[in-house]
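Here's the structure, in structure tokens; my notes come after.
These figures come from a predicted structure and were not determined experimentally. The chains referred to below are lettered A, B, ... by the order of the sequence lines, with proteins before strands, and numbering in each begins at 1.
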Amino acid sequence: MLEISFIRQNVDLVRAAIANKRLDVNLDDLLEADKERRDAMGKLEAVRARKNEIASIIPKASKEERPALIEEGKAVKTQLEQLEPGMAAIAKRYEDLMLRIPSIPRPEVPVGKGEEDNVEIRKVGTKREFAFKPKDHVELMTALKMVNWDGPRQFAGGRSYALTGLGALLEMAVTRLAVDTLVERGLNPVLPPVLVRERAMTGTGFFPLGREEAYNIGADDLFLVGTSEVPLVSLHADQVLDAKDLPIRYAGISNCFRREAGAAGKDTRGLYRVHQFTKVEQVVFCVPDEAVAEEEHYKLLGNAEAILAKLEIPYRVAIACTGEIGLGQTRKHEVESWMPSREAYSETHSCSTLGDFQARRSNIRVRLADGSTAFAYTLNNTAVASPRILIPLLENHQNEDGSIYVPPALRPYLFGREVLRPSEAI
RNA sequence: GGAGGAGUGGCCGAGUGGUCUAAGGCAGCGGUUUUGAAAACCGCCGUGGGGCAACCCACCAGGGGUUCGAAUCCCUUCUCCUCCGCCA
């Protein structure tokens, strides 16, 4: 969410952000609603002022004066009752529009429409040249008995799966490797709730635009989160943080649930795009200072890269163009891991700065050194998301016989195994 | 799930229908004093909105109601505490 006075004073900037982020909200509607709201508020407040005035005069008035004042008070009350529903409707329209106004992308973000306009920053590691025909993760995992495909798709629906045996251990291994790496780097691990109220979804910017993407537990008015960013940011909703305690850095570990509503029929093979997955997510709260936020942003990116290095996965880093960054994001880097079966670098991590966009919606403030308050800045980045990360891990580390090389960093979490072999599958 | 109690500014806390325009304390900010710091003293000090300004409006967990007037009374939702029940 942006500040309305900022929007009024920077109409062109906001208009450009809407166009560049390819959103369809109409800024003129908002400006009109704002004008209407202020006009209506002026009228309403004048009546309320009179109401308050009468209420304060009555106790001091003589017995003779009172009846007339009470009569006027009643009239004023009737007037208020007539004005208030209109005011509520105007305010509702204004608020609905405000929730759809994006944050302003930072200057370094390239203007563009889609993925093809993202700008590659660097490639790390070298794509492996196979001396044999590499298998994809579906074949590899099936041979290693790492996954049960058919059962879940029958009883739980499309895009469902069950990780079994070494598959289950491997997901826990990459998860634990990521958590341990982050804890060593000063992040505080959190196992948060994944079932949340609407306020948390709106407060973090996923609603109203992403409503179709979330599972709704209708009977209890709760939603399953698509990322632990939602509960982690909400952890400090309605709080005033002390600047001395910042930055706060969390490592959230959770299951994530996504309906993939706009992706019907897309990436249906294997474990690339699924409805439920496990993710370790980094979330940071810092003071509202662009330089500090930038430093934190690159630290988060560095943490993700350190994990990929331990997993020995080749990847590239790109800065996402305006058309590819979300409503609240002011800057986003994607980390894309090399996936041999897709013959492409595909997204496994997403590192974002949101400025005070989420903090305004969630009412997260900071008390600064001079005693004043301001909205905090928030940032987040994936550390590891599984099973998607298993795709580059298994495909890049496969041997001709279908066995899998285990990078040393992962071995302590896999009973010391250096190789996973189909013949030893559990 | 049942019964009872509670929710007031960054924090603690007073306030049971009318100068509440929310006491007081702590914390914070500015100053005096000091070699420096602490202490003491003086001043400032909730958030948001409207207005050039004087000033006005809203907010006492959320929503609704009663009243000329609500932090205060009523209904409802949420959260916390105590006890009981059920359950991992």
Could you please name the partner base of U19(B), counting Watson-Crick and G-U wobble pairs only when both distances are under 3.5 Å?
-> none
U67(B) versus G62(B) - spacing of their P atoms, nearest Å | 23 Å
NA contact type, Ala369(A), heavy-atom cut-off 4.0 Å: base, sugar-phosphate, or nothing?
-> sugar-phosphate
When you check every protein heavy atom under 4.0 Å of nucleotides 19-27 of chain B, what one-letter string (B, S, -) results, 5' to 3'?
-> ---------
Looking at every strand, decide which applies to Arg197(A) at a 4.0 Å heavy-atom threshold: base, sugar-phosphate, or nothing.
-> sugar-phosphate
Which base, if any, makes a Watson-Crick or G-U wobble pair with C78(B), both distances under 3.5 Å?
-> G7(B)
Could you give the distance from CZ (Arg38(A)) to CD1 (Ile90(A)), rounded to the nearest 0.5 Å?
-> 13.0 Å
In whole angstrom, give the distance that lies between atom CZ of Arg360(A) and atom C1' of G48(B).
-> 11 Å
Is any NZ, NE, NH1 or NH2 atom of the basic residue among Lys310(A) and Asp180(A) found under 4.0 Å from an Asp or Glu carboxylate oxygen of the other?
-> no
For residues Arg50(A) and Glu72(A), determine if any side-chain heavy atom of one lies less than 4.5 Å from a side-chain heavy atom of the other.
-> yes
Nucleotide forming a Watson-Crick or wobble pair with G48(B), both distances under 3.5 Å = C57(B)
Backbone N or O of Cys321(A) within a donor-acceptor pair of the Glu324(A) side chain at under 3.5 Å?
-> no
When rounded to whole Å, the CG to C1' distance for the pair Asp34(A) and G51(B) reads 14 Å
In terms of side-chain geometry, is the basic nitrogen of Glu32(A) or Arg93(A) positioned less than 4.0 Å from the acidic oxygen of its partner?
-> yes
Can you tell me, in whole Å, how much space there is between the P of C60(B) and that of G5(B)?
-> 23 Å
Could you state the OH-C1' distance from Tyr94(A) to G48(B), rounded to the nearest angstrom?
-> 11 Å
For A71(B) versus U21(B), give the span between their C1' atoms, rounded off to a whole number of Å.
-> 14 Å
Apply the side-chain hydrogen bond (donor to acceptor under 3.5 Å, both in side chains) test between Thr378(A) and each candidate in Glu296(A), His236(A), Gln358(A); give the one that qualifies.
-> Gln358(A)
If you measure from the C1' atom in G28(B) to the same atom in C78(B), how many Å do you get, rounded?
-> 32 Å
What does nucleotides 56-76 of chain B look like as a protein-contact string, B for base, S for sugar-phosphate only, - for none, at under 4.0 angstrom between heavy atoms?
-> BBS--------BBS-------
Using the P atom in both, what is the distance from C84(B) to G46(B), to the nearest Å?
-> 45 Å
Quantified in whole Å, what is the C1' atom distance between nucleotide C75(B) and nucleotide G18(B)?
-> 24 Å
Given the P atoms of A27(B) and G64(B), what is the spacing between them in whole Å?
-> 39 Å
Determine yes or no for a side-chain-to-main-chain donor-acceptor pair under 3.5 angstrom, with Tyr161(A) supplying the side chain and Gln276(A) the backbone.
-> yes
In numerical order, the residues of residues 36-44 of chain A whose heavy atoms come under 4.0 Å of RNA chain B are Arg38(A), Met41(A)
May I ask which nucleotide in the shown strands pairs with C83(B), Watson-Crick or G-U wobble, both distances under 3.5 Å?
-> G2(B)
Pick the P atom in G24(B) and in C42(B), then give their distance to the nearest Å.
-> 14 Å
Distance-only, no hydrogens or angles: does the Arg258(A) side chain make a donor-acceptor pair with backbone N or O of Thr227(A) under 3.5 Å?
-> no
Find the distance Leu2(A):CG to G48(B):C1' and express it as a whole number of Å.
-> 17 Å
Watson-Crick or G-U wobble mate for A40(B), both contacts under 3.5 Å | U32(B)
Take atom CG of Leu241(A) and atom P of C11(B), then tell me their distance rounded to the nearest Å.
-> 12 Å
Within less than 4.0 Å of OP1 or OP2 of G50(B), is there a side-chain N or O belonging to Arg8(A)?
-> yes
Hey, is the main chain of Leu300(A) close enough, under 3.5 Å, to the side chain of Asn381(A) for a donor-acceptor pair?
-> yes
